[in-house]
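Some notes on the structure that comes next.
Please read all numbers here as calculations on a predicted model, not as lab measurements. Below, chain A is the first sequence line, B the second, and so on; all start at residue 1. The analysis underlying the following values was restricted to heavy atoms, covering all of them including side chains, and did not include hydrogens, waters or symmetry mates.
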Amino acid sequence: MRLSNYFLPTLKETPKEAEIVSHRLMLRAGMIKQQAAGSYSWLPFGYKVLRKVQTIIEQEQNRAGALELLMPTLQSADLWRESGRYDDYGKEMLRIKDRQDRDLLYGPTNEEMICDIFRASVKSYKDLPLNLYHIQWKFRDEIRPRFGTMRSREFLMKDAYNFDLDKEGAVASYNKMFVAYLRTFYRLGIPAIPMRAATGPIGGDLSHEFIVLADTGESEVFCHSDMLDKEIPSIDVDYDSDLSDIVADWTSHFAATEDVTSKEEFEKNVPSDKRILARGIEVGQLFYFGDKYSKPMGANVTNAQGKEIAVHMGSHGIGLTRIVPAIIEAHHDENGIVWPVPVAPFEVILINLRKGDDACDATCDDLYRQLKASNIDVLYDDRDVGAGAKFANADLIGIPYQIVIGPRGIKSGEAELKNRKTSERENIKISEIVLHTKNLIEPQRLDKV
RNA sequence: CGGGGUAUAGCUCAGCUUGGUAGAGCACUGGUUUUGGGAACCAGGGGUCGCAUGUUCGAAUCCUGCUGCCCCGACCA
């Protein structure tokens with residue numbers, strides 16, 4: 001993409017409403033625009049990241065055997081009356097009437113609707129297990145939205161719903177999601193620690209929150225330091241095998257949020273040199289809740305003995321619009337964002353320092369062609385602005401590698417390659433720069449490990 | 001929902017106390033000179049001062065009401 005043809009409204013100054021660093025950087029890098037309290041447009045640069053995040057989540061969900069579908073944002077109130085949640089949910093749920101005066105709601109979650117889909121078609125235990133997921137915009141009318149898209153009212157969320165014959169099967173499904181989440185967050189560049197969690201209004205008795213440690217996190221978390229060094233399951237993990245050993249290993253150390261533990265309990269169970277008391281951002285949550293919804297809504301199957309029973313269910317969320325700021329909280333410095341390669345909106349920025357100079361233009365045009373032909377996602381800064389502005393802008397928007405072409409380098413046949421993360425620069429022959437960069441990037445994409 | 005702020009140009013803000021024809025920097029447009037870490041100069045464009053009401057000869061400025069946004073708390077993916 002040529003920057004001169006792109007829409008990237010970056011800001012030199014920080015809008016005053018932005019409190020935390022990810023919110024400031026998302027505004028400054030032209031990723032989002034606030035439309036109302038807790039409501040944001042995703043501009044091209046931000047949306048590109050959101051889509052990469054979505055793709056990684058989909059790949060790992062699919063790998064774990066979950067099937068993607070799509071449900072409406074607007075739901076009939078009648079479904080929610082069946083489960084009893086229409087009255088229980090409170091003012092967080094946005095209620096709407098249509099022209100026939102029918103009660104609708106903008107979905108804050110989809111347990112009822114997925115039960116409705118399930119019960120319409122699935123009647124036999126032979127069709128289990130089943131895991132259906134969707135990625136959809138949801139709305140919760142938060143009393144106080146804040147921190148940009150970290151806590152917005154309208155948000156994009158992945159929710160997977162598993163259906164199993166009994167608790168044992170549901171736990172196996174839960175474990176698949178557990179392993180998929182470990183892999184997903186690893187690939188997204190945000191090592192997330194699974195912690196025991198409260199089950200909240202959705203209910204249930206088995207739940208883990210996946211927490212990214214960050215000073216700006218909304219809750220206090222307690223964690224054994226060995227949790228930080230655990231091995232992520234590889235791409236070869238067999239989801240048809242028994243995953244309980246992996247889950248048991250990952251849940252063997254103390255890790256819990258403030259909702260379900262206390263400082264006293266933490267200190268009793270973890271030696272002082274292993275204690276991590278920090279703040280955390282919740283980026284995903286797993287729930288097992290049995291027949292809480294299947295029973296009142298009649299999501300039943302006939303078992304092998306010919307008896308009709310309510311299925312065991314769980315729901316497993318990941319907040320996509322929260323993950324993007326979480327990534328930035330974990331990957332930035334004083335100059336701007338530092339994208340991990342797998343989610344970077346572009347992998348390389350090609351900087352033409354002297355737009356209008358024939359040699360610079362020709363070299364850059366050629367490199368731009370080569371980079372694209374090599375399947376590298378490249379942004380070409382071909383604008384006619386000062387060198388300083390280009391460097392500052394490149395650092396702000398955080399593209400992992402900068403290839404700098406200027407009159408000085410052209411004379412010696414060299415380009416400068418800057419690593420955004422380490423700030424290291426090296427001079428590389430222009431004839432070799434594309435291959436060299438490709439070799440650096442490919443292993444970091446993490447799509448084969 | 002309780003408490004506290006704030007609202008003037010696309011962005012950051014001054015002006016308000018003490019009423020008198022709306023300002024700066026950045027950004028934007030045209031031009032000249034520049035060019036390896038957010039360039040300089042010249043010339044321009046852009047604002048019903050959040051909305052409404054009142055006081056006044058006269059309101060960005062004072063009164064009253066309303067709304068948006070932000071922060072703290074409770075709540076939450």
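If you take atom P in B:rA43 and the same atom in B:rU35, they sit 24 Å apart, rounded to whole Å. B:rC51 and B:rA59 have their C1' atoms separated by 15 Å, given to the nearest Å. With both ends at atom C1', the span from B:rU61 to B:rA7 equals 14 Å, rounded to whole Å.
When each of B:rC1, B:rC76, B:rG36 is scored by its nearest atom to the side-chain atoms of A:R408, the top-ranked nucleotide is B:rG36. With distances taken from any side-chain atom of A:R322 to the nucleotides B:rC69, B:rG37, B:rC76, the minimum falls on B:rC76. Closest to the side chain of A:E218, out of B:rC69, B:rG36, B:rC76, is B:rC76.
The residue A:E13 sits close to a base: some heavy atom pair falls under 4.0 Å. Looking at heavy-atom distances under 4.0 Å, A:G317 makes no contact with the nucleic acid at all. Heavy atoms of A:T321 sit nowhere under 4.0 angstrom from any nucleic acid atom. Nucleic acid contact class of A:K418 (heavy atoms, under 4.0 Å, all strands): base. Within the 4.0 angstrom heavy-atom criterion, no nucleotide atom of any strand lies near A:T149. A:G284 comes within 4.0 angstrom of nothing in the nucleic acid, heavy atoms only.
Look at A:R144 and you'll find a side-chain N or O under 4.0 angstrom from OP1 or OP2 of B:rC71. Close to B:rA27, at under 4.0 Å from its OP1 or OP2, lies a side-chain N or O of A:K12.
Remark: C1' of B:rC71 and CZ of A:F147 are 10 Å apart, rounded to the nearest angstrom. The NZ atom of A:K411 sits 12 Å away from the P atom of B:rU35 (whole-angstrom rounding). Between A:D395 atom CG and B:rG37 atom P there is a gap of 12 Å when expressed in whole angstrom units. The distance between atom CG of A:D357 and atom C1' of B:rU35, rounded to the nearest whole Å, is 11 Å. Separating the CD atom of A:E220 from the P atom of B:rG73 is a distance of 13 Å, rounded to the nearest angstrom. Whole-Å rounding puts the A:K16 NZ to B:rC11 P distance at 9 Å. Separating the CD atom of A:E19 from the P atom of B:rC69 is a distance of 17 Å, rounded to the nearest angstrom. The nearest whole Å value for the distance from the CD atom in A:E92 to the C1' atom in B:rA74 is 12 Å.
Remark on RNA chain B: of its neighbouring residues A:G319 and A:N427, the 5'-side contact belongs to A:N427, judged by nearest-heavy-atom nucleotide. Toward the 5′ end of RNA chain B lies the nearest nucleotide of A:P15, the other residue of the pair A:P15 and A:R354 mapping further downstream.
The partner of B:rA7 is B:rU67, by the rule that a Watson-Crick or G-U pair needs both atom distances under 3.5 Å. B:rA24: Watson-Crick or G-U partner is B:rU12, with both key distances under 3.5 Å. Partner assigned to B:rC76 is none, using Watson-Crick or G-U wobble distances below 3.5 angstrom. Of all nucleotides present, none satisfies the Watson-Crick or G-U wobble test against B:rU53 with each distance under 3.5 Å. Pair assignment for B:rC41 gives B:rG31, based on Watson-Crick or G-U wobble hydrogen-bonding distances that are each under 3.5 Å.
In terms of polar N and O atoms assigned as donor or acceptor, the side chain of A:R140 never comes within less than 3.5 Å of the base of B:rC76 in a complementary pairing. Looking at A:R383, its side chain has no donor and acceptor atom pair within 3.5 Å of the base of B:rG38. Counting atom types as modelled, A:Q34 pairs no side-chain N or O with a base atom of B:rG68 as donor and acceptor under 3.5 Å.
Counting only heavy atoms from C-beta outward, the side chains of A:I193 and A:V221 never approach each other to under 4.5 Å.
Counted by atom type alone, A:S41 and A:Q35 present one or more donor-acceptor pairs between their side chains at under 3.5 Å. Between the side chains of A:E154 and A:W137, no donor-acceptor pair of N or O atoms lies under 3.5 Å. For A:Q136 and A:D159, the side-chain atoms include no donor-acceptor pair closer than 3.5 Å.
Because its NZ or CZ atom is not both nearer than 6.0 Å to the ring centre of A:Y288 and within 45° of the ring axis, A:K167 does not count as a cation-pi partner of that residue.
Checking each of A:E68, A:H316, A:K176, A:K158 against A:Q61 for a side chain to side chain donor-acceptor pair (under 3.5 Å) leaves exactly one that passes, namely A:K158. When each of A:D381, A:D361, A:D365, A:D357 is checked for a side chain to side chain donor-acceptor pair (under 3.5 Å) with A:N352, only A:D361 meets the rule.
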